[in-house]
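To start, the structure itself, in structure tokens.
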Amino acid sequence: MALTDCAKATDVALNTDLYELTMAQGFWESGLVDVEGCFNVFFRENPFGGGYAIACGMGQIAQLVENFRFDDDAIEYLRGVQAPGGGPMFKEGFLDYLGDFRMRVSVWAVPEGDLVFPREPMVRVEGPLIDCQLLETALLNLVNFQTLVATKAARVVQAARGRAVSDFGLRRAQGPDGGLAVARASYIGGCNSTSNVLAGKIYGIPVFGTHAHSWVMAFPSELEAFRAFAESSPKNCVLLLDTYDVHQGIKNAIVVAKEMEGRGERLAAIRIDSGDLAKLSKETRRAFDAEGLGYVKISVSNDLDEYTIQSLLAQGAPIDSFGVGTKLATCDQQPSLGGVYKLSATRATPDAPWEPVIKLSEVAYKRTVPGIQRVMRYFDGSGAPVADMIVDDSVARGDASTIVDVVDDLTSYDVSGAESRELLVQLVERGRRLGPDEDIERAKSRCREALSSLDVAHRRFLNPQTYPVGLEMGLAALRSDLTRRERLGSGRSSK
Ligand SMILES: Nc1ncnc2c1ncn2[C@@H]1O[C@H](COP(=O)(O)OP(=O)(O)OP(=O)(O)O)[C@@H](O)[C@H]1O
Ligand SMILES: O=P(O)(O)OC[C@H]1O[C@H](OP(=O)(O)OP(=O)(O)O)[C@H](O)[C@@H]1O
Ligand SMILES: O=C(O)c1cccnc1
């Protein structure tokens, strides 16, 4: 993540909510240093009213775990933090403990770029409660935003139907870190390039750019501005046509394109950034084709998103590429994913058996899933994913053909005969990464393959079909049992 890439690596431990540190102090003081927990990250609704989400941010978890330490500066800062009631917030003994602290968690996660659906764990963390708690905020910060952006990008790219999409969002992103995260996640979600140069350097994402209206305005005439840009950037010349009047812009760009031809060069593309993009792109295409300039591509921008792109293509607009900024970077329509980190099991020591726990709620919809959860994804004969099953091996009944819906336990799905694969992959074992970070290109191709295998019923924007996610029958029974026990007053709530 940006903080681990750009700032002092050790600052990652302070990139958290204060309560994680006060809870950690409480665990330390209560002597609960050996107690272990299992936490799961999941979200409850697909973003943007869609039928899927794209897992992202997981590729930076191992780095977060490894870099998680409190250096002298961090301890000095914490020593100075005052409690509102007076006196230091943190005790010296706890600060000593933090000074030697190293994360001891094990982590499993859905690989970046893969499909992920509501209520299934996309990250599972096991380890000492203190460690798990200290990781919560930074982990959610990594995966919530990037999963949201990767999903938005996947939708925009889906609408573009094979045409290139570039991330233009840095100027509207949520700060410098936000801009980097947008570039990374939108590339994994399917964008071809970014205008963000730092993201290009850090992540190896191809960079792309045209020129601004100010370039044209800085010259006495548009024609001179176009000429100067063509001379300065002959190998990546994209001319912006709409500073004054697109029709005059077309004429001037044609003049410059011909002059370039005379020098053995080629105008790569033009960009249109306002007005009726369908009408103007058609006029531009006709004019350039009539002059034998069929190779000049048409790029458009201006507050685009998946819906405007879908509409432009439905209008037959001959557009070759899209620059998408504000609505991609700010995840317009839905500014946050709402992913949560919930405890699902505890054990008194690392060798003791896990005890599943459940969080009830007034609304059944918010009831959590207990246990040490794995996810199996089932596929039909054509390789399309058809359902995901959450399994806890300690209670599994061996009947892998029935999945009980995760929200409505009167609904079940039959997956008999379907091929399956494990969704969560282990990244970290007791604080140590199990391998190098995956190449971002691998995550990008995983996303492309996963989306192309997903039934269009789950991919469409309007009223997509809900993808089935449920519990293995033994886990469903355990959840009902724990719910009953808590409701009848014989569970943890009454002890
Ligand atoms: N043919 C079209 N069909 C659907 N939406 C379009 C079409 N052409 C443009 N749009 C979208 O309509 C919105 C507003 O476009 P509009 O023509 O008002 O540009 P503008 O706002 O005047 O440009 P400027 O950036 O100069 O203010 C933008 O989101 C743009 O992407
Ligand atoms: O429209 P977006 O999807 O956010 O894409 C990025 C926008 O940033 C630039 O203009 P800027 O917004 O700075 O000024 P303008 O709207 O006046 O052209 C560019 O010309 C795009 O329009
Ligand atoms: O290169 C461009 O055309 C560009 C980059 C960022 C924002 N708007 C446009």
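Ligands are counted one by one from 1 in listed order, and the atoms in each one are counted from 1 as well. Values below: every heavy atom of this structure, side chains too, minus hydrogens, waters and symmetry copies.
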Fill in the blank from the handout: Close residues (non-hydrogen atom under 4.0 angstrom from ligand 1) work out to D273, S274, G275, D276, L277, A278, N302, D303, L304, S311, L312, Q315
Is it true that [X] and [Y] make a salt bridge, defined as a side-chain N closer than 4.0 Å to a carboxylate O?
| X | Y | value |
| --- | --- | --- |
| E120 | R377 | yes |
| E283 | K279 | yes |
| E66 | R433 | yes |
| R271 | D273 | yes |

Looking at [atom], what's its closest protein heavy atom, distance included?
| atom | result |
| --- | --- |
| atom 1 (O) of ligand 2 | D303 N, 2.7 Å |
| atom 3 (O) of ligand 2 | G325 N, 2.8 Å |
| atom 21 (C) of ligand 2 | D273 OD1, 3.5 Å |
| atom 4 (O) of ligand 2 | T326 OG1, 2.4 Å |
| atom 8 (O) of ligand 2 | R171 CD, 3.8 Å |

Handout entry: Amino acids in close contact with ligand 3, where any non-hydrogen atom sits under 4.0 angstrom away
Key = F168, R171, S195, G209, T210, R271
Practice task
Please find out if less than 6.0 Å separates the ring center of F117 from that of Y52.
Solution key: no
Problem - Parallel, tilted or perpendicular: rings of H211 and W215 (30°, 60°) - result: tilted
Qualifying residue for side chain to side chain contact (heavy atoms under 4.5 Å, CB included) with [X], from [options]:
| X | options | value |
| --- | --- | --- |
| L293 | I270, L267, I254 | I254 |
| L170 | L180, T194, N196 | N196 |
| S106 | R432, E429, R124 | E429 |

Problem - Atoms in ligand 2 with a heavy atom of H213 nearer than 4.0 Å - result: 18 (O)
Fill in the blank from the handout: Counting from 1 in the order shown, the ligand 2 atoms closer than 4.0 Å to a non-hydrogen atom of N302 are 1 (O)
Handout entry: salt bridge (Lys or Arg N to Asp or Glu O under 4.0 Å) between K282 and D276, worked out
Key = CA-CA 10 Å; K282 286 178 192 172; D276 185 325; over 6 Å; no
Practice task
Cation-pi check, K444 to Y187: give yes when NZ or CZ is under 6.0 Å from the six-membered ring centre and within 45° of the ring axis, no otherwise.
Solution key: yes
Handout entry: Candidate pair Y467 and D388, rule side chain to side chain donor-acceptor pair (under 3.5 Å), full reasoning
Key = CA-CA 8 Å; Y467 180 88; D388 287 2; 2.8 Å; yes
Handout entry: Under-4.0 Å heavy-atom contact with ligand 2, by part of R271 that carries it
Key = side chain
Exercise for the section: Start with the C-alpha distance between R446 and E112, add both sets of side-chain angles, then the distance that settles salt bridge (Lys or Arg N to Asp or Glu O under 4.0 Å), and finish with yes or no. Expected result: CA-CA 8 Å; R446 181 180 295 114; E112 288 190 303; over 6 Å; no
Practice task
Consider every N or O of G323 and every N or O of ligand 2, then say whether any pair is closer than 3.5 Å.
Solution key: no
Exercise for the section: Please confirm whether R172 comes within less than 3.5 Å of ligand 2 when only nitrogen or oxygen atoms on both sides are compared. Expected result: yes
Handout entry: Any side-chain donor near an acceptor of the partner, Q60 and Q63, under 3.5 Å
Key = no
Exercise for the section: Determine, counting only non-hydrogen atoms of the protein, whether one lies under 4.0 angstrom from atom 17 (O) of ligand 2. Expected result: no
Completion exercise
Minimal heavy-atom distance between K152 and L328, with the atoms involved, is CG-CD1, 4.0 Å
